[in-house]
Amino acid sequence: MTKQSENKVSDEQQPATGHTRRDVLRLGSLASLGAIMGSGALLSLPAAAQTPADRQAGGNEAGSMAPDQPLNIVMAVYQGGTLLDFAGPSEVFHRLPNTNVRYASLNGGPVTLEFGVVYGETERLADIDRADLLLVPGGPDLSEPTKPEYLAQIKRLAAGAQHITSVCTGSLVLAAAGVLKGKRSACHWAFVNDLADYGAIPDPARFVEDDNGRFMSGGGVTSGIDFALRVAAKLRGRLNAEFAQLIIEYDPDPPFRAGHPRVAPPEVMALAKKKMPGGLKGLQKIPGVI
């Protein structure tokens, strides 16, 4: 996700086209990708694959925002948060046109996430004037983001945001800030029904939208990528969302069917019941939440 983590060896190895992997990842349009790959088949794609014109003919594929309208996204991170909850969406959002992504925390600077992962320099939430889209990621410990000073900043930014969003237990932070009363919201399956304690309406879906998209939320952890692609399509159009999906190679093919209680085998469910009391009813308790 960062330049430090890029594979320099693979970057230096150029394909026959004369362009590096980094060139492709930094492309801003499908047209640019086509120019690099040439007019021939791309990884043996079938000749009958849909063209952008075909997709447009199938329905309204445009995003709700004008192409020249800037989109300013603020991801409100915190100590103990889950990296993938915002790293997944950031991979999508950074590839959208005319979009700026900022990362902010209560005190600014490096933030120590779950498992001791240190995420470097963040801005102070108090220094962020406004956001078009506010994203609150989740975590296994919400002690910091449910502090009054953190919730005050979330409430302030939410009041001026066009879109208020969350991934995983980040919806509990929004609910604790009082901005989800009467609104449908997703959450991790083990905690989703805790939303009702704050007046929100729990929804077990992987992606939930309310108030015509002003409120959008994703379920647990990995659903943040699905969430981000849906948000991208809604705001920037399906073509841009699908291009981002292509570039990050989001083509999930899990080796097991155990990613949600509705599909997990009995022995996995038994282990979950033992390790997460109340989780199978969506009522698992989490530090910082009533």
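Residue numbers count from 1 along this sequence.
What you find for Asn212 and Glu209 is that their closest heavy atoms are C-OE2, 3.6 Å.
Residue Glu267 qualifies as enclosed at atom CD: its count of foreign heavy atoms under 6.0 Å is above 12. Counting non-hydrogen atoms of neighbouring residues, nucleotides and ligands closer than 6.0 angstrom, the CZ atom of Arg257 reaches no more than 12 such neighbours.
Distance check, rounded to the nearest 0.5 Å: CD1 of Ile225 to CD1 of Ile248 gives 5.5 Å. Taking OH from Tyr103 and OG from Ser90, the interatomic distance works out to 4.0 Å, rounded to the nearest 0.5 Å. Here Asp194 contributes atom CG and Lys281 contributes atom NZ; the two are 13.0 Å apart, rounded to the nearest 0.5 Å.
Formation of a donor-acceptor pair under 3.5 Å by the Gln245 side chain with backbone atoms of Tyr250 is found in this model. The backbone N or O of Val77 sits nowhere less than 3.5 Å from a side-chain atom of Ser105 that would complete a donor-acceptor pair.
Put simply, the side chain of Ile247 reaches to within 4.5 Å of the side chain of Phe243, judged on heavy atoms.
Classified by interplanar angle (parallel below 30°, tilted 30° to 60°, perpendicular above 60°), the ring pair Phe207/Phe227 is tilted.
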Problem set entry | Pair Asp210-Lys183, salt bridge (charged side-chain N to carboxylate O under 4.0 Å, His left out): steps then yes or no | CA-CA 7 Å; Asp210 202 350; Lys183 304 299 181 183; 5.3 Å; no
For this session: Could you check Arg102 against Asp127 for salt bridge (charged side-chain N to carboxylate O under 4.0 Å, His left out), going step by step and ending with a plain yes or no?
Result: CA-CA 11 Å; Arg102 302 168 71 179; Asp127 294 335; over 6 Å; no
